[in-house]
Every structure is written in structure tokens, then in C-alpha cells.
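Throughout, a chain's letter reflects where its sequence line sits, starting with A, and its residues are numbered from 1. This one's a predicted model, so the numbers in the text were calculated from it and none came from an experiment.
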2 protein chains.
Amino acid sequence: MRSAREAHPKDRLLRTASRLFYAEGIHAVGVDRLVSEAAVTRATFYRHFPGKDDLVAAYLKTASEAIREAIGRAREDKTPREALIAVMSVIGDATCADDFRGCQFINAAAEYPDSDHPVRAVIDDHRTWFLGVLRDLAAELGHPDPDHAARVLVLLRDGALQGGELDDPAVVRETLHRAVEDLIPH
Amino acid sequence: MRSAREAHPKDRLLRTASRLFYAEGIHAVGVDRLVSEAAVTRATFYRHFPGKDDLVAAYLKTASEAIREAIGRAREDKTPREALIAVMSVIGDATCADDFRGCQFINAAAEYPDSDHPVRAVIDDHRTWFLGVLRDLAAELGHPDPDHAARVLVLLRDGALQGGELDDPAVVRETLHRAVEDLIPH
DNA sequence: CACTAGAAAGACCGATCGTTCTCCCTAGTG
DNA sequence: CACTAGGGAGAACGATCGGTCTTTCTAGTG
């Protein structure tokens, strides 16, 4: 029986891809490197994924699911105001993580300029979902214009995730926190 | 004599590189493609640039200079408040351009994960300059915390440039405009 | 005029890209 | 036991990667 630590080849591929794509970029990581670090053969790779782009899409879908869970947990047992601050704090905290390298979706979009590409669809899904979360929270806490508030929060989110990589993450987190508190009614 | 329209090979290379790198991504455009579209030979390429990365750096420096000029013009003959709104409008308007494909520097950073890379230095320079512009304007306009205000404006800038590519540019421009007006004292 | 710098044209380099292939072996199922 | 699905190992595909080379030609300078 296969031990729990060394997962199935498909899982190892996905984990390795997530790590390498995020840390080094997508085009910069070749299939050779992927199969080598995942300890999987090329044949096995193409048995599970039709092509590299499908692995990229799977990587982003996995990232999206993880974020949805984290955001979901942050909302639990909180008033709308607390929940919104907690949700945006998830963003700010993420920028301060050791292995933070920007937003997976923004980084991926930079490497997939064609907006009709399947990878871009995964990105759009994630962004649409997050905007919806923010709009709902803004509405629940009685913001006079929840749609606008949500869109401003998305601007702050994108900016924070970018600034977390290119500027000082701790300063970015603090800036984001203050901006969020100023945005929502007291 | 060389006509004015067909510029020197170095200029043609830089123009072609700017167009292709921005539209399609940096790693996605090879040297073959560059010299072919610039109507320049490989030998000429390497006579003017030590390597592809140097052309990338030149591309970003050129973009930075163009932006500095545009921002400089937007500030002319205006009160601090008008100037700051005009500067941020340059950002919002850019997202609505036909060939808009996000922020050159953010996109490039996604493809250069190593923060010690020379290309990242060009990016850092540009960001530091823009933060300074915003800080100065916020101070001139009497904002109680110009440094914080400038950092929030940078978040909004980064978010707008990203949203302009991934979301609806017209909505992003409007959202940015309202957010800026709400941020600065009336 | 002779000289030279720079560009054109294109062959060439080893390495790597994403992808497909064959062959063999082993673990799980009936 | 026999059978099979799936993984390991690795060769091979054409294409492209960034970069170097030689050769020829032309425009500008003295």
C-alpha cells in the first residue's frame, strides 16, 4: 500500500506545479523540471493531464479553492463589519508570508495575455467570486453603495497583493487595514 | 540618408520589443521574433544589447520615462488637489485604452521572480518615483498623513491597472475616480 | 580616393521547449 | 492463478530558446 506521505502521482504533480509555478513563474518552469521534482515520469504526466496548460488551470483552481476556504473560515461567527475586516485581513496577512510571491491569478494573467484562454476563465471565476463576497458583506453591513464599495475593496486587494511583493509587506498590510477601516461606515 | 520613419536599428528594436513584450509577455517573445519584426539581424541585436534581459530593462526604462512625462504634464498649472486627481486620472484613462494590457512593471515582475534581478531594479525605481509624486501632492494639498495617503493611492493605482485588464475598464476608471475623491480632503 | 563602423543575411551552437512513443515492471482485482 | 491498469525509465520528435559566428555590403569620414 502506498504511504500517506507520498501521495498519488497526480497529487505530487499538482503540488509540485503549485510550488514551482507560483515561485518561479509558469513559462519559466518546464515539463522536464515538473516531472523531475515530482518524481514522476513524462508518460505519467500526460496520462493525467492533456497538456501543460491543463496543469496550469488545475493549479489555479486548487489555489482558488484554498482561498475560498480560508475566506469562508474568516467570515465564520462574525458580524458583517468584523467579517469584512477579517476577510481583507486574510489578504493583508498573506502578503507577509515568507513564501509570498504576489497573487497567483494576477501573475498567471501576465503570462496568458489572451483573454479567451481557458486559464483566464479560471482567473475570471475567482475574481467574480471574490467581488461577490465583498458585495454581499458590504450590503449586509448596510453600506449605501455596496457595489461600489466592493469594487474599491477589489482595487485595494489587487494593490495590496502586488505591493506585498514589490514593496514592504508589513507597511502594505497596515496601509490596507487602515484603508478598509476608513472605507466602511463606523 | 536614412528616412525619418525607419529609425535606427536600435530604435526599431526597442519599439518592437515594447510592443511585443507588453502585448504578449516577455518570456513568450523570443529573439527570433524580435529581430524578425524589427527587420534587424541577430548580429545587430547583440551589437546593441548584451543580452535579451538588457533589452527588457531598456523597454521598462522607456516605459517609465514616457509615464513620467505624462504624469508631469498632468500636473502642470493645477492646484495640488486638481493635480492629484489629474495624476490618478492618467491611470484610470490608461486602463481604457484599446491596447491596454495591464501595468508593464507588474507584468514584468511576474516574469522575474528574483528581486535581485536588474529588471526588478527598474521596476523598483519606477514605483519609488511614483510613490514620491503622490506623497508630495498629498503633502501639498494638506493631507494630515501624506505618507499613508500616498500608499493607499498606490494600492488603488496597482489595483486599477490590474482591474483594467481583468475586469471592465470603464467601471474600474469610475471606481478609481470616486475612491480618489473620497480619499482626499474636500 | 581609401578606410572604417555598422548593418544585412544567415548558418550554427548546445540547450530546452511541449509532446509522443516504446518497453518493462509491479500492485491490485477477478 | 491470470489479467490489467497505471507507473517507471528513457529515447525521440520537431520546434524554439538565447547567443555566437562568418561573410558581404553600404554609408559616412578622413
Side-chain angles (χ1 to χ4, degrees), chain A residues 1-21 23-60 107-108 110-114 117-120, chain B residues 1-21 23-60 107-108 110-114 117-120:
Chain A
M1 175 186 159
R2 201 184 300 271
S3 85
R5 280 202 56 83
E6 57 173 70
H8 290 84
K10 186 168 184 174
D11 288 341
R12 292 209 306 272
L13 269 172
L14 196 49
R15 279 183 223 273
T16 305
S18 298
R19 179 170 53 86
L20 295 181
F21 285 160
E24 307 184 16
I26 295 169
H27 291 340
V29 176
V31 177
D32 275 326
R33 180 87 188 289
L34 282 169
V35 299
S36 161
E37 295 216 14
V40 160
T41 61
R42 303 176 77 77
T44 304
F45 177 103
Y46 286 100
R47 205 174 285 126
H48 288 292
F49 299 95
K52 188 191 175 186
D53 279 351
D54 301 87
L55 178 59
V56 174
Y59 146 60
L60 291 177
N107 289 352
E111 299 201 58
Y112 286 87
D114 179 7
H117 195 285
V119 165
R120 287 288 289 263
Chain B
M1 174 184 156
R2 198 184 301 275
S3 85
R5 280 202 57 82
E6 57 173 67
H8 290 85
K10 186 167 184 176
D11 287 340
R12 292 209 306 271
L13 269 171
L14 196 49
R15 278 183 224 272
T16 305
S18 298
R19 179 170 52 88
L20 295 181
F21 285 160
E24 306 184 18
I26 295 169
H27 291 339
V29 177
V31 176
D32 275 327
R33 182 88 186 289
L34 283 168
V35 300
S36 162
E37 296 218 14
V40 159
T41 61
R42 299 179 76 79
T44 303
F45 177 104
Y46 287 101
R47 202 174 289 123
H48 288 293
F49 299 96
K52 188 189 175 187
D53 279 352
D54 300 87
L55 179 59
V56 174
Y59 147 60
L60 291 177
N107 290 351
E111 300 201 57
Y112 287 86
D114 179 7
H117 195 285
V119 165
R120 287 287 289 263

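Remark: P of C:dA5 and NE2 of B:His48 are 14 Å apart, rounded to the nearest angstrom. The distance from atom NZ of B:Lys10 to atom C1' of C:dA8 is 19 Å, rounded to the nearest whole Å.
Legend: salt bridge (charged side-chain N to carboxylate O under 4.0 Å, His left out) pairs involving residues 43-54 of chain B, not counting sequence neighbours: none detected.
Between B:His8 and C:dG6, a side-chain N or O to OP1/OP2 separation shorter than 4.0 Å is absent.
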- Encode nucleotides 10-23 of chain D as B, S and - characters from 5' to 3', where the letter depends on protein heavy atoms closer than 4.0 Å: B to the base, S only to sugar-phosphate, - to neither. BB-----SBBBB--
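In this structure a side-chain-to-backbone donor-acceptor pair under 3.5 Å is present from A:His117 to A:Val119.
Every side chain to side chain donor-acceptor pair (under 3.5 Å) that B:Thr44 has, sequence neighbours left out, goes to B:Thr41.
Inter-residue side-chain proximity for B:Arg12 and B:Pro9 is flagged as met; some heavy-atom pair is nearer than 4.5 Å.
With a 6.0 Å radius and a threshold of 12 heavy atoms from other residues, nucleotides or ligands, A:Arg19 has its CZ atom above the threshold.
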